[in-house]
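Below is one structure, written out as C-alpha cells; comments come after it.
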Amino acid sequence: MINLRDILYVRLGTRDLEGAQKFCTEIVGLQAVERTADRLYLKSSASHHAVCYFQGEPGDHTVAFDIKDWSQLGAALAQLQSAGVPCGQGTAEEAADRHVEAFIWFNDPTGNRIEIVARPHDAGKRYFPSRDAGITGLGHVGLCTTDPARDQAFWLQHFNAMVSDWIGPCPLLRVNPRHHQMALFASQRKGIQHINFQVAEIDDIMKSWYFLQSQDIRIVFGPGRHPTSGGNFVYFEGHDEVIFEYSNSDRHIVGDLENYRPRQFPLHPTSFCMWGSKPDIAEFRD
Ligand SMILES: O=C/C=C/C(C(=O)O)=C(/O)C(=O)O
Ligand SMILES: [Fe+2]
C-alpha cells in the first residue's frame with residue numbers, strides 16, 4: 001500500500017508560456033515565482049509551486065502527490081513495478097526541475113502520468129498573488145478516465161485512496177480527510193479535466209464570477225453548489241482550454257471511518273449542482 005499525503009502540483013505542456021503566465025496571474029490569481037525560457041512556475045500556497053507549465057504539447061498533463069513517508073519511495077516503485085504498472089524513477093535533474101528531493105512516476109490504466117514526490121521544497125515565502133482571488137491552495141483535480149470502475153480499482157488497490165462519493169460510476173477519491181483530492185470523470189481522453197483551487201469563502205467565488213465576466217472569460221459551470229463536497233463553485237475556461245474551478249469545499253470525512261458509506265449520486269444535473277446551474281463541460285453531462 002502506497003500512502004499518499006496530498007495533491008502537490010500539476011504540470012501542463014503549452015506552446016505559449018507568455019499566455020499561460022498572463023492568464024494564471026491576471027485572471028486565476030496565481031503568483032509567478034520562476035520563469036525560464038521553457039518553464040513557468042506558479043504558486044498558490046507555501047509550497048514552491050502548484051502549477052508548472054513547460055514548453056511542450058498542450059494536453060501533456062501530469063498530476064503529483066506527495067508520499068507520507070519519504071523513506072517509502074523506493075518501496076512504492078518496487079510495488080508498482082511488480083504489479084506491471086509502467087513506472088520509473090525520476091533523475092536528479094528531473095527532481096531539480098520539480099523542486100523536490102526525489103520522485104517516481106507511473107501511468108494509471110487510462111494513461112495519465114502521475115508523479116509521487118518525496119520531500120517537496122517549501123518556498124520560505126508566502127503566496128502573494130497579483131489578484132486577490134481568495135485562493136488558499138490547490139484543492140484537487142478532475143482526472144479523465146476511460147473506465148471509471150477499472151481506474152477506481154487501481155487507485156484503491158495500490159494506494160490509500162478511499163471513495164468519498166460517486167456521481168454515476170465516477171468516484172471522488174481522498175487520500176486524507178478532505179473530501180477529495182482527485183475525481184475520476186468518464187471521458188474518451190486522458191488528461192486533466194479541471195484544476196481546482198480552494199478559496200476562502202463564497203464571497204470570493206461570487207466576486208470572481210463578476211470579475212471573470214468583466215474580463216470576457218468563458219464561465220463553463222456555476223456559480224453553484226456541489227451536493228458532494230458541499231462546496232460553492234464556479235468553473236471557467238483558461239489557457240489552452242484547461243478548465244479551472246474555484247470552490248470553498250470544507251467537507252472532511254472524519255470520525256467513524258469503519259462505518260462511513262460513500263454516497264451514490266445519480267448521473268443527473270442535480271448531482272453536479274444543487275442550485276440548478278447546468279455545466280457546459282463534456283464530462284459533466286449525463
Ligand atoms: O460536479 C461534480 C463535482 C463535484 C465536486 C465537489 O463535490 O466538490 C468537485 O469539485 C469535483 O469533483 O471536482
Ligand atoms: Fe472540482
Side-chain angles (χ1 to χ4, degrees), residues 6-7 9-10 12 28 44 50-51 61 63 65 108 110 112 133-145 148 151-152 155 161-187 189-202 204-206 208-209 212 219-238 241-254 260-286:
D6 208 348
I7 186 168
Y9 60 69
V10 297
L12 309 168
V28 184
S44 65
V51 180
H61 295 162
V63 182
F65 294 86
D108 77 1
T110 288
N112 291 302
I135 290 176
T136 56
L138 178 62
H140 61 260
V141 290
L143 198 60
C144 291
T145 169
D151 290 3
Q152 173 186 300
W155 282 98
M162 285 169 288
V163 178
S164 290
D165 289 314
W166 288 281
I167 303 176
C170 302
L172 281 66
L173 298 171
R174 69 182 188 282
V175 295
N176 63 43
R178 274 196 311 109
H179 184 269
H180 60 287
Q181 290 76 48
M182 179 172 46
L184 302 179
F185 292 118
S187 182
R189 64 175 178 104
K190 64 177 180 178
I192 290 175
Q193 186 253 5
H194 73 273
I195 303 171
N196 169 281
F197 286 96
Q198 290 292 300
V199 296
E201 55 189 5
I202 189 171
D204 296 315
I205 290 161
M206 297 309 289
S208 279
W209 182 55
L212 294 166
I219 309 286
V220 293
F221 193 17
R225 187 166 188 211
H226 290 307
T228 35
S229 67
N232 301 106
F233 65 82
V234 65
Y235 291 67
F236 56 100
E237 190 177 275
E241 298 178 0
V242 171
I243 293 171
F244 290 86
E245 175 190 15
Y246 298 129
S247 77
N248 64 344
S249 344
D250 59 3
R251 183 161 289 149
H252 285 62
I253 314 291
V254 289
Y260 178 74
R261 178 179 64 77
R263 294 164 302 169
Q264 176 67 61
F265 292 87
L267 201 56
H268 183 268
T270 54
S271 302
F272 292 99
C273 179
M274 56 204 285
W275 286 358
S277 167
K278 297 280 190 302
D280 184 11
I281 304 175
E283 290 80 16
F284 285 174
R285 293 194 196 103
D286 56 348

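Counting starts at 1 for both ligands and their atoms, in listed order. What you see is a predicted model, and the numbers here were worked out from it, not measured in a lab.
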Which distance, rounded to the nearest 0.5 Å, do you find between the [atom1] of [X] and the [atom2] of [Y]?
X      : Y      : atom1 : atom2 : value
Asp250 : Gln198 : CG    : CD    : 8.5 Å
Ile205 : Trp209 : CD1   : CH2   : 12.5 Å
Ile7   : Arg178 : CD1   : CZ    : 8.0 Å

For Phe265 and Phe272, I'd like to know if the aromatic rings sit close, meaning centre-to-centre distance below 6.0 Å.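 No, they do not, as the ring centres are separated by 6.0 Å or more.
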What angle, in degrees and rounded to 10°, do you get at the Fe ion (ligand 2) when you join it to OE1 of Glu245 and to NE2 of His140?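 With the Fe ion (ligand 2) as the vertex, OE1 (Glu245) and NE2 (His140) sit 100° apart.
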Check ligand 1 against the protein and report each N/O to N/O distance under 3.5 Å, formatted as atom name, atom name, distance.
unit_1, atom_1, unit_2, atom_2, d
ligand 1, 1 (O), His226, ND1, 3.3
ligand 1, 7 (O), Thr228, OG1, 2.3
ligand 1, 7 (O), Ser229, N, 2.9
ligand 1, 7 (O), Ser229, OG, 3.1
ligand 1, 8 (O), Ser229, OG, 2.5
ligand 1, 10 (O), His140, NE2, 3.1
ligand 1, 10 (O), His226, NE2, 3.2
ligand 1, 10 (O), Tyr235, OH, 3.4
ligand 1, 10 (O), Glu245, OE1, 3.2
ligand 1, 10 (O), Glu245, OE2, 3.2
ligand 1, 12 (O), His180, NE2, 3.2
ligand 1, 13 (O), His140, NE2, 2.9
ligand 1, 13 (O), His194, NE2, 2.8

His226 vs Glu245 side-chain heavy atoms within contact, under 4.5 Å: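 Yes. Closest side-chain heavy atoms under 4.5 Å.
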Classify the ring geometry of Tyr235 against Phe284: parallel below 30°, tilted from 30° to 60°, perpendicular beyond 60°.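 Geometry flag for Phe284 against Tyr235: perpendicular rings.
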In terms of the angle between their ring planes, are Phe233 and Phe221 parallel, tilted or perpendicular, with boundaries placed at 30° and 60°?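 Answer is tilted, since the angle falls between 30° and 60°.
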Whether His194 has an N, O or S atom under 2.8 Å from the Fe ion (ligand 2):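 Short answer: yes, at least one N, O or S atom is under the cut-off.
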